[in-house]
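First comes the structure, then the notes that go with it.
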Amino acid sequence: MAEENQNDNINEHERLSDELESRRSNLARIIEYGIDPWGGRFKSSATTADLHSDYDGSTKEQLEEKKVSVAIAGRLIAYRKHGKAAFADIIDSTGKIQLFFRFNELNEQPAGDGANLWDLLDTLNLGDWVGASGVLMKTRTDELTVRVAEWRILGKALRPLPEKYHGLKDKELRYRYRYLDLIANPEIREVFRARTEVIKTIRSVLDERGYMEVETPALHKIAGGAAARPFVTHHNALDIDIYLRISLELHLKRLMIGGFERVYEIGRIFRNEGMDRDHNPEFTMLEAYEAFGNLDTMMELVETMCRTACERVRGETVTKFRDHEIDFGPAFRRADYAELVREYTGVDINESRDRNTLLKACKDKELDVDDNATVGQLIDELFDELVQPDLIQPTFVVNYPVELSPLARKHPEREGFVQRFELFVCGHEIANAFTELNDPVDQRARFEEQQKMRAAGDDEAHPVDEDFLNAIEHGMPPAGGVGMGVDRLVMLVTGSHSIRDVIFFPMMR
RNA sequence: AGGCCGUUAGCUCAGUCGGUAGAGCACCGGACUUUUAAUCCGGGUGUCGUGGGUUCGAUUCCCACACGGCCUACCA
């Protein structure tokens with residue numbers, strides 16, 4: 001009895017729907033004909049986009065005259081059979097083209113053992129990869145079409161495509177099975193093309209300025225360079241816990257110490273924190289360091305990268321993001337951190353950083369703060385909650401409080417501030433830059449200060465990194481450095497609502 | 001972590017005031033040699049997210065859970 005049930009369950013589970021069965025039986029037929037259903041090398045003469053750009057303008061008569069032979073490969077997305085003629089639409093990475101099959105031209109072309117190229121059409125299913133060659137023609141409705149003389153199966157699809165008219169709408173399925181999203185929703189392909197274009201832009205701007213692209217370790221013994229909780233893993237051979245990097249900063253600085261004066265890395269960063277429309281546990285960061293540069297150097301760099309990326313993706317410097325129209329065209333606004341805090345809260349951190357005053361200011365604004373919060377945390381809270389959401393057009397906020405910036409150089413004139421800016425757009429942090437701290441004595445003092453904050457319960461305070469201190473004690477050139485969130489820039493220039501829309505395979509439970 | 005919403009065929013979605021469900025596309029069979037969301041004729045393919053409760057009977061009502069979406073919170 002129990003055994004019988006078990007068998008029933010297995011059968012139930014393994015039973016294929018009619019559709020899957022029919023695809024498998026088509027596969028079996030192809031194999032019976034002695035044809036390899038998985039294809040091989042196929043030399044296309046052009047992409048579908050090439051064909052359209054070269055021949056859409058030709059008339060039916062001109063094409064008949066010219067007899068243009070082409071070979072084209074793609075995925076079958078539509079098939080319309082009319083007795084002894086058939087039309088198919090195939091897509092490649094550049095677009096779509098129609099194929100036209102006629103009985104007269106194909107039924108005497110052998111295809112494997114005992115079949116011909118016309119019969120073989122019956123083994124096709126939507127989703128299959130096919131390659132076809134023939135001459136270009138125009139149909140009655142003036143559509144550019146390949147009149148197929150020969151065709152091959154290049155890869156069988158054993159599962160059906162998402163519905164052709166409504167596409168794939170379920171967001172979970174779109175994120176989880178991105179390959180189906182890309183097939184069904186052509187507009188999402190443009191978002192990812194834009195992503196690549198943004199990264200190419202970043203590279204070209206930096207390469208033009210003589211920067212060298214480098215790679216540094218993703219596995220760190222100390223997760224530093226930012227304030228964030230890391231992912232922990234274990235190295236078996238060494239029997240030590242190690243961390244996935246939370247920033248690129250400290251290794252790039254080591255390279256400057258080593259004499260590479262302009263370096264950058266576009267790399268994956270991992271932060272073990274919350275997930276929402278602006279945060280994915282792994283994301284892409286650009287960090288660039290320029291010896292003998294400073295904050296102004298970095299502002300010019302960031303401005304150029306943002307503006308150029310927007311222009312290359314959109315053809316103009318304006319983009320739309322979450323109901324705001326953003327213009328990267330004009331010189332970005334510059335605003336003083338303390339000035340903004342004073343403007344929005346009435347508290348002047350230039351005058352005093354009294355903890356009680358700051359605590360009261362937070363409470364007055366009904367901000368939810370811990371009574372034991374440090375001065376830095378309180379200032380940060382005021383800025384993040386009150387000022388930041390209001391920074392819509394690109395704004396460089398300059399001169400940060402020293403408490404928040406253990407790796408930035410102190411301001412030469414203003415006590416308690418460092419030479420740092422963050423770029424905000426639509427209330428989001430896009431970039432963060434310093435005139436880098438290259439004084440090893442001060443760096444040690446800053447780390448020790450962070451250590452006290454850590455001891456006081458701030459588990460994101462920067463750990464003391466002796467190996468890094470050793471490095472800069474050998475002499476680090478004065479430098480400007482910047483970190484930029486690539487995903488967020490892509491969101492802005494593509495108008496994407498969620499970071500998941502610009503990451504191919506976002507984190508899913 | 002909280003609030004709201006969702007989970008039904010491969011996909012997009014209906015629906016059952018409690019009697020195990022139906023459309024389009026896809027798929028199968030047939031007709032058709034210029035169609036293009038082809039058309040016409042015929043065919044419904046399902047663990048109604050999972051587990052429990054109430055009930056003669058649950059896909060439907062109740063509870064819990066899972067997964068997801070949106071929003072809020074958290075997260076420099």
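Every chain is numbered from 1 and lettered A, B, ... according to where its sequence line falls, protein lines coming before strand lines.
Comparing atom distances between the A:E172 side chain and each of B:C67, B:C75, B:U34 picks out B:C67 as nearest. The listed nucleotides are B:A76, B:C11, B:U34; the one nearest the side chain of A:E460 is B:A76. Side-chain proximity of A:K164 to the nucleotides B:C75, B:G68, B:A38 is greatest for B:A38. Relative to the side chain of A:Y165, the nucleotides B:A37, B:C27, B:A38 differ in distance, and B:A37 lies closest. Checking B:A38, B:U34, B:C70 against the side-chain heavy atoms of A:M137 singles out B:U34 as nearest. Minimum atom distance to the side chain of A:Q98 is reached by B:U35, of the listed B:C25, B:U35, B:U33. Of all nucleotides listed (B:C74, B:C67, B:U33), B:C74 comes nearest to the side chain of A:E385. Here the nucleotide nearest the side chain of A:N26, chosen from B:C71, B:C28, B:U34, is B:C28. Comparing B:G68, B:U34, B:U33 against the side chain of A:K84 picks out B:U33 as the nearest. Listed candidates were B:U12, B:U35, B:U33. Nearest to the side chain of A:F87 is B:U35.
Between A:D501 and A:R277, none of the side-chain N atoms (NZ, or NE/NH1/NH2) sits under 4.0 Å from a carboxylate O, so this pair counts as no salt bridge. Note on A:K164 versus A:D89: no salt bridge recorded, every NZ/NE/NH1/NH2 to OD/OE distance being 4.0 Å or above. Between A:R322 and A:D278, at least one side-chain nitrogen of the basic residue sits less than 4.0 Å from a carboxylate oxygen of the acidic one, meeting the salt-bridge criterion. Using a 4.0 Å cut-off between charged side-chain N and carboxylate O, A:E32 and A:R29 make no salt bridge. Ion pair A:E339/A:R342 flagged as a salt bridge, since at least one NZ, NE, NH1 or NH2 atom sits closer than 4.0 Å to an Asp/Glu carboxylate oxygen.
Among the heavy atoms of the strands lying under 4.0 Å from A:R420 is at least one base atom, whether or not backbone atoms are also near. Contact annotation for A:R159: no contact, since no heavy-atom pair falls under 4.0 Å across all strands. Within the nucleic acid shown, A:E422 has no heavy atom closer than 4.0 Å to any nucleic acid atom. Contacts of A:H428 with the nucleic acid, taken as non-hydrogen atoms under 4.0 Å apart, are absent. Residue-level contact check: A:L404 touches the bases, meaning some heavy atom is under 4.0 Å from a base atom. Note on A:S22: only backbone sugar-phosphate atoms sit closer than 4.0 angstrom, heavy atoms only; bases stay farther off. A:D276 comes within contact range of at least one nucleobase, with a heavy-atom separation under 4.0 Å. Counting any heavy atom pair closer than 4.0 Å across all strands shown, A:R271 reaches no nucleic acid atom.
Pairing for B:G6 goes to B:C67, judged as Watson-Crick or G-U wobble with the two contacts each under 3.5 Å. Pair assignment for B:A38 gives none, since no Watson-Crick or G-U wobble pairing has each distance under 3.5 Å. Using Watson-Crick or G-U wobble geometry with both donor-acceptor distances under 3.5 Å, B:G46 finds no partner in any strand shown. With both pairing distances under 3.5 Å, B:A14 is matched to nothing as a Watson-Crick or G-U wobble pair. In this structure B:A1 sits in a base pair with B:U72, meeting the Watson-Crick or G-U test at under 3.5 Å.
Residue A:R509 places at least one side-chain N or O closer than 4.0 Å to OP1 or OP2 of B:C67. Distances shorter than 4.0 Å separate some side-chain N or O of A:R277 from OP1 or OP2 on B:C71. Between A:H497 and the phosphate of B:C71, there is a side-chain N or O to OP1/OP2 separation shorter than 4.0 Å.
You'll find the ring centres of A:F424 and A:F383 inside the 6.0 Å limit.
Rounded to whole Å, atom P of B:A14 lies 10 Å from atom NZ of A:K169. Protein atom CG of A:N125 is 11 Å distant from nucleotide atom C1' of B:C28, rounded to whole Å.
For A:T59, the side-chain hydrogen bond (donor to acceptor under 3.5 Å, both in side chains) partners are A:Q62, not counting sequence neighbours.
With hydrogens and angles ignored, a donor-acceptor pair under 3.5 angstrom links the side chain of A:R80 to the base of B:U35.
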